[in-house]
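Sequence positions, counted from 1, serve as the residue numbers for this chain. Side chains are part of it too, since the values below use all heavy atoms of this structure and drop only hydrogens, waters and symmetry mates.
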Amino acid sequence: MAANNIVVLGAGVSGLTTAYLLSKDPANKITVLAKHMPGDYDIEYASPWAGANYMPTGKEGSAHQQWEKATWAPLKDLAEKHPEAGIHFLGTIIYNRTKDQHSAIGQVFSELVQPNPWYKDIVPDFKAVPKDQLGPGIDNAQTVTSVCINSPVYLSWLVGQCAKAGTVFKRATLKHIADAASAHHSGQKADVIINCTGLSSKFLGGVLDDKLYPARGQVVVVRNDPGPMSSVSGTDDGDDEALYIMTRALGGGTVLGGSYQKHNWDALPDPNLANRIMKRAIASAPQLVQKGQGIEGLDIIRHGVGLRPLREGGPRVEKDTVDGVNIVHNYGHGGFGYQASFGCAEAAVSLVKEVLRQKTRAKL
Ligand code: FAD
């Protein structure tokens, strides 16, 4: 059987999930090449900063919705059968304030918070909160059982699964996408490159995608454990400030978020924003701290900032040819890179198969 030489460029959730699916076929000989790898914390590397959870935001009928739909079952399966992957089930409360519908955050969450969303048939235990139990300012709320991913543990788990199947990992910073073709560990030219460089595709030679821009997310990670996950459609502190809380599996701490600051590249945590994040979290989930305590009751592990790789028109999952090199792009997943990861990676794998079939036909 002829080998397929494949280079995956990027080791965030998009690159690693794509490599993981490809590695199930022994004919695929895969090199993952990346500037950053699990274990690194860097502003150019979005994946470790994510909570991450599954809170669907794709509009009904969109590709985004299809990718999220396709991702629930694999995440559920990992949570049920592979505790070492760092994914666990959590009770989840989703709050909607109608007044947020035009804010930057409110628009992102418009599908998530609507009373009759498509995901009610996918994510278990969907229940509307009775009107008489809604807190002040909340117009509707629902509970589900969703998953929360300890992203650093999960990324490392993906690396381990790929390595077990023979994938080779290398560090490199490429200036041009076509250079990846000569980086395969076999020494032979790669048959196809999968571009999973996230926001950096804006600057990568041969791609230079101007549609990409960041949505800055600031978080505070604490040792306190409030129990259920929660997310609100917006806050009173600004159009692009968010309120969400999630406790990661396997002792990963509780992530308090956040913000959704479009076109903001600032890598340093803003201390004032951090204060607002912590105050909002305690106001929404008072059980985070002892009775009567404020933010001094939070035991902080770290402050963090990540840049969600947003793209006008949505993620780019498509074939391309650059300088005669076959490329499959899988980047630009905004704030939903984990919850759409399997759907997007499956789509990318189908495109890889098309490229390989075309190559085989061309040789005959
Ligand atoms: P990245 O993780 O950025 O990885 C890019 C990879 O490409 C890295 O390995 C990098 O080193 C490599 N690379 C880039 N350029 C080069 C180059 N020139 N040469 C070599 N290598 C290169 N999503 C969810 O689904 N649920 C959530 O709850 C959630 N919460 C989030 C919270 C925050 C605060 C943030 C910031 C994001 C959140 N997201 C969430 C979004 C999610 O994190 C991203 O969509 C996802 O991580 C993007 O992954 P990626 O692999 O495409 O990119």
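The aromatic rings of Y213 and H263 sit parallel, their planes meeting at an angle under 30°, below the 60° perpendicular limit.
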Worksheet item: Are R276 and T235 close enough, and set up right, to give a side-chain hydrogen bond (donor to acceptor under 3.5 Å, both in side chains), and what steps lead you there?
Response: CA-CA 10 Å; R276 292 195 294 277; T235 78; over 6 Å; no
Item to complete: Check the pair K164, S23 against side-chain hydrogen bond (donor to acceptor under 3.5 Å, both in side chains), reporting the backbone distance first and the verdict last.
Response: CA-CA 9 Å; K164 210 160 65 176; S23 73; over 6 Å; no
Worksheet item: Can L21 and F342 be said to form a side chain to side chain contact (heavy atoms under 4.5 Å, CB included), step by step?
Response: CA-CA 9 Å; L21 295 184; F342 278 90; 4.1 Å; yes
Worksheet item: Between V352 and I6, does a side chain to side chain contact (heavy atoms under 4.5 Å, CB included) hold up when you go through it step by step?
Response: CA-CA 9 Å; V352 168; I6 299 173; 4.2 Å; yes
Discussion item. Between N4 and D191, is the side-chain hydrogen bond (donor to acceptor under 3.5 Å, both in side chains) condition met? List the steps.
Written reply: CA-CA 6 Å; N4 306 315; D191 296 303; over 6 Å; no
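Listed by first and then second residue, the ring pair (Phe, Tyr, Trp, His ring centres under 6.0 Å) pairs involving residues 161-183 amount to none (not counting sequence neighbours). Residue pairs satisfying the ring pair (Phe, Tyr, Trp, His ring centres under 6.0 Å) criterion with at least one member in residues 5-33, sequence neighbours excluded, are listed as follows: Y20-W157. Within the structure, the side-chain hydrogen bond (donor to acceptor under 3.5 Å, both in side chains) test picks out the following pairs touching residues 192-207 (sequence neighbours left out): N195-T197, N195-S201, N195-H329, T197-S201.
Of the possible donor and acceptor atoms, none in the side chain of S62 sits under 3.5 Å from a partner among the backbone N and O of G58. In this structure a side-chain-to-backbone donor-acceptor pair under 3.5 Å is present from R280 to A242. In this structure, N150 contributes its side chain and R248 its backbone to no donor-acceptor pair below 3.5 Å. For S182 (side chain) and K189 (main-chain N/O), no donor-acceptor pair under 3.5 Å exists by modelled atom type. Side-chain atoms of S259 never come within 3.5 Å of backbone atoms of E241 as a donor-acceptor pair (strictly under, hydrogens ignored). A donor-acceptor pair under 3.5 Å is formed between the side chain of D40 and the backbone N or O of M37. For N224 (side chain) and G297 (main-chain N/O), a donor-acceptor pair under 3.5 Å exists by modelled atom type. For the pair S103 (side chain) and D100 (backbone), a donor-acceptor distance under 3.5 Å is present. Between the side chain of R216 and the main chain of G306, no donor-acceptor pair closer than 3.5 Å is present. A distance-only check finds a donor-acceptor pair linking the side chain of D209 to the backbone of K211 [under 3.5 Å].
Proximity of K353 to S350: side-chain heavy atoms (C-beta onward) are nowhere separated by under 4.5 Å. At least one side-chain heavy atom of C196 sits under 4.5 Å from a side-chain heavy atom of T18. No side-chain heavy atom of V349 sits under 4.5 Å from any side-chain heavy atom of E346. Side-chain atoms of I282 and L298, non-hydrogen and from C-beta on, do get closer than 4.5 Å to each other. Contact check for V328 versus E318: no side-chain heavy atoms found under the 4.5 Å cut-off.
Clustering of Ile, Leu, Val, Met, Phe, Trp and Tyr by side-chain heavy atoms under 4.5 Å joins W49 with Y41. If you chain together ILVMFWY residues whose side-chain heavy atoms come under 4.5 Å of each other, F203 ends up grouped with V7, L9, L33, I43, L174, I177, I193, L199, L204, V207, L212, W265, V305, L307, V322, V325, I327, Y331.
Shown here are the ring pair (Phe, Tyr, Trp, His ring centres under 6.0 Å) partners of F89, two or more places apart in sequence or in another chain: there are none. The ring pair (Phe, Tyr, Trp, His ring centres under 6.0 Å) search around Y54 returns W72, not counting sequence neighbours. Remark: D225 pairs with no residue by the salt bridge (Lys or Arg N to Asp or Glu O under 4.0 Å) rule, at least two apart or across chains. Applying the side-chain hydrogen bond (donor to acceptor under 3.5 Å, both in side chains) criterion to N140, with sequence neighbours excluded, gives N96. Taking the side-chain hydrogen bond (donor to acceptor under 3.5 Å, both in side chains) definition, one finds that D239 meets it with nothing, sequence neighbours left out. Legend: residues meeting side-chain hydrogen bond (donor to acceptor under 3.5 Å, both in side chains) with K35, ordered by chain and number and at least two apart, are E44. In this structure Q293 satisfies the side-chain hydrogen bond (donor to acceptor under 3.5 Å, both in side chains) test with no other residue, sequence neighbours excluded.
Between the side chains of T92 and S146, no donor-acceptor pair is found at a separation under 3.5 Å. Using modelled atom types and a 3.5 Å distance limit, the side chains of T98 and D139 yield a donor-acceptor pair. Residues K120 and N116 bring a donor and an acceptor atom of their side chains to less than 3.5 Å of each other. With no hydrogens or angles considered, no side-chain donor-acceptor pair links Y119 and Q339 at under 3.5 Å. Judged purely by distance below 3.5 Å, without hydrogens or angles, the side chains of D240 and Q261 never pair a donor atom with an acceptor atom.
A 6.0 Å sphere centred on NZ of K359 holds more than 12 heavy atoms belonging to other residues, nucleotides or ligands. Heavy atoms of other residues, nucleotides or ligands lying less than 6.0 angstrom from NZ of K279 number 12 at most. Atom CD of E296 has more than 12 neighbouring heavy atoms from other residues, nucleotides or ligands inside a 6.0 Å radius.
Separating the OG1 atom in T167 from the CG atom in L16 is a distance of 9.5 Å, to the nearest 0.5 Å. Atom CH2 of W118 sits about 11.5 Å away from atom NZ of K59, to the nearest 0.5 Å. Between I93 atom CD1 and S231 atom OG the span is 11.0 Å, to the nearest 0.5 Å.
Between H64 and the choices E68, Q66, E60, the side-chain hydrogen bond (donor to acceptor under 3.5 Å, both in side chains) rule is met once, by E68.
Look at R311 and D210 and you find no salt bridge, because none of the NZ, NE, NH1 or NH2 atoms lies under 4.0 Å from a carboxylate O.
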